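The structure under discussion appears below in the form of structure tokens.
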There are 2 protein chains.
Amino acid sequence: MARRKKYKFPKTTIERLSYYFRALEDLSKRGIDTVSSEALGGKLNIKSSQIRKDLSYFGDFGKRGMGYDVKYLLKELKYILGLDREWSVVIVGAGHIGAAMANYDSFGKRGFNIAAIFDNDEKKIGKEINGTPVLPYDNLDDFVKQNKIEMAIIAVPAAAAQAVADKLVESGVTAILNFAPVAVQLDENVRCLSVDLTTKLEALAYYMSYSQDKLWKIYS
Amino acid sequence: MARRKKYKFPKTTIERLSYYFRALEDLSKRGIDTVSSEALGGKLNIKSSQIRKDLSYFGDFGKRGMGYDVKYLLKELKYILGLDREWSVVIVGAGHIGAAMANYDSFGKRGFNIAAIFDNDEKKIGKEINGTPVLPYDNLDDFVKQNKIEMAIIAVPAAAAQAVADKLVESGVTAILNFAPVAVQLDENVRCLSVDLTTKLEALAYYMSYSQDKLWKIYS
DNA sequence: CGGCGTATGTTAAAATTTTCACATGGGTGA
DNA sequence: TCACCCATGTGAAAATTTTAACATACGCCG
């Protein structure tokens with residue numbers, strides 16, 4: 001019921017809240033209106049104690065003996081995650097990944113509106129991707145300022161990423177989702193999360209080689 | 001020099017090894033052949049002690065007072081990460097994300113060869129994406145078995161992901177990179193990493209709402 | 001060839017995160 | 001209304017991960 005609780009909590013909690021949110025949406029769609037931490041955890045492969053702890057950082061949302069009211073918890077999570085409003089986002093880079101993001105309809109459903117896509121390529125400029133216009137990279141500055149864009153998705157080659165990030169921040173963007181395989185250096189009041197596709201595959205490769213005992217375990 | 005060291009290390013270490021690898025590649029390309037943990041950390045926003053610790057799980061690769069030989073460390077990391085061989089991968093789902101993955105050339109450079117893409121859509125079957133054929137989903141089983149595919153990328157809607165994953169595992173795949181926004185339940189000897197695009201944006205939304213003091217901090 | 005500067009590898013401490021265990025309180029039915 | 005069940009919320013313990021600190025070893029220079 002009461003919202004404010006602890007002031008510090010693990011970084012990983014935020015990510016899990018997002019998982020809870022999605023799972024609850026699914027339950028809600030299926031007409032289920034109450035769920036226990038145990039049941040929710042089963043769906044997500046997360047321990048029930050973890051779920052209760054995560055939620056406890058933000059408030060008391062459940063009823064003892066009963067579990068959580070799905071709709072109520074959804075509303076609260078929506079609020080906590082900042083999803084109770086619309087966010088305007090620009091994508092920089094109209095290549096395959098940029099295009100895939102522009103076509104990713106889940107963003108819209110969550111209130112992330114792709115306002116424009118920016119690229120240097122003459123052949124792409126002026127076209128639309130999933131209804132979103134592709135504009136010249138040179139207009140990025142003005143567009144971000146005029147439309148008060150706060151979030152951006154970087155989908156350009158690694159070599160260009162830092163320059164793009166700098167430009168975005170200078171124009172007023174304060175949150176960046178970066179697909180370029182490079183660590184961009186940013187002011188600390190700008191949030192940047194990276195999605196590193198190669199790294200994920202490499203981690204899988206590691207686990208597989210490991211399981212095949214081809215690793216350092218062999219040598220001494 | 002010596003390879004085998006500790007047997008347990010943080011899960012996050014593997015991911016960082018992948019970052020080190022890429023940064024070293026970059027240094028190597030630029031003709032730099034020695035690097036200190038301090039310099040490498042500066043490039044990646046990672047503390048030098050973290051780097052030394054990470055590497056120490058696998059062996060002694062540096063020279064005191066000197067740092068690390070870039071080429072040598074690259075070779076060792078390649079070995080540790082299991083990148084000293086080719087991996088055959090299939091993509092399931094020829095939608096925007098599947099297509100983007102098929103077009104992601106970095107995979108090939110790392111030894112991840114996309115052998116085929118599978119989809120149900122008649123209009124897509126028979127075509128090629130970046131030189132890789134799109135085959136009927138019904139052939140997935142046979143193809144994976146015949147070509148001894150070990151890794152797969154799932155890029156289908158959430159509702160289909162579990163069934164696809166089951167089919168892949170049944171056919172012999174033991175590592176999965178999952179783009180579907182759902183937690184797939186798998187046998188524990190199958191490795192599965194998820195890339196959750198919405199979750200990342202949601203985490204950003206959280207951080208931004210937080211910084212704007214619109215969160216639980218307000219209430220009591 | 002010995003001392004000096006430097007950056008490693010490691011050990012110990014600190015910080016963070018997860019898990020456990022259980023007291024607590026809401027709801028239900030007699 | 002009372003007793004019983006159940007699942008929460010939490011405080012403490014365990015596990016994991018990061019950071020700090022430093023002794024050690026390498027190479028260079030005089």
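What you see is a predicted model, and the numbers here were worked out from it, not measured in a lab. Every chain is numbered from 1, with letters handed out A, B, ... down the list of sequences.
Counting to the nearest Å, the P atom of D/dA7 and the CG atom of A/Leu40 are 14 Å from each other. In this structure, B/Ile46 places its CD1 atom 15 Å from P of D/dA20, rounding to the nearest Å. Rounded to a whole Å, the CZ atom of A/Arg52 is 15 Å from the P atom of C/dT18. Per the geometry, CG belonging to B/Asp69 stands 15 Å off P belonging to C/dA7, to the nearest Å. Note: NZ (B/Lys47) to C1' (D/dT17) measures 13 Å, nearest angstrom. B/Lys63 has its NZ atom 11 Å from the P atom of C/dG9, to the nearest Å. For A/Tyr57 and D/dG11, the OH to C1' distance is 12 Å, given to the nearest whole Å. Computed from coordinates, the B/Arg64 CZ to D/dG27 C1' distance equals 14 Å when rounded to whole Å.
Between A/Tyr57 and A/Phe9, the ring planes lie tilted relative to each other; the angle falls in the 30° to 60° range.
Residue B/Gln50 has no polar side-chain atom (N or O) positioned under 4.0 Å from OP1 or OP2 of D/dT17. Using a 4.0 Å cut-off, some side-chain N or O of A/Lys11 falls inside it from OP1 or OP2 of C/dT17. For the OP1/OP2 pair of C/dT16 and a distance below 4.0 Å, the side-chain nitrogens and oxygens of A/Lys8 include at least one atom meeting the criterion. Contact annotation: A/Arg16 side-chain N/O to C/dT18 OP1/OP2 distance is under 4.0 Å. Residue B/Ser56 has no polar side-chain atom (N or O) positioned under 4.0 Å from OP1 or OP2 of C/dT8. Checking the phosphate oxygens (OP1, OP2) of C/dG26, no side-chain nitrogen or oxygen of A/Tyr68 falls inside 4.0 Å.
Among the atoms of the strands shown, only primed sugar atoms or phosphate atoms (P, OP1, OP2) are found under 4.0 Å from some heavy atom of B/Ser37. Residue A/Ser36 is in sugar-phosphate contact alone, with no base atom involved, counting any heavy-atom pair closer than 4.0 Å across all strands shown. Nucleic acid contact for A/Ser48: none, since no nucleic acid atom lies under 4.0 Å from a heavy atom of the residue. B/Thr13 comes within 4.0 angstrom of nothing in the nucleic acid, heavy atoms only.
Between B/Asp84 and B/Lys78 there is no salt bridge, since no side-chain nitrogen of the basic residue lies less than 4.0 Å from a carboxylate oxygen of the acidic one.
Of the residues near DNA chain C, A/Met66 and A/Thr12, the one whose nearest nucleotide (by heavy atom distance) lies more toward the 5' end is A/Thr12. Map A/Pro10 and A/Ser49 each onto its nearest nucleotide of DNA chain C; the residue landing nearer the 5' end is A/Pro10.
Using modelled atom types, no side-chain atom of A/Arg191 and backbone atom of A/Ile176 make a donor-acceptor pair closer than 3.5 Å. A side-chain donor-acceptor contact under 3.5 Å links B/Gln185 to the backbone of A/Gly42.
In the model, B/Ser194 has a side-chain atom that pairs as donor or acceptor with a side-chain atom of B/Asn178 under 3.5 Å.
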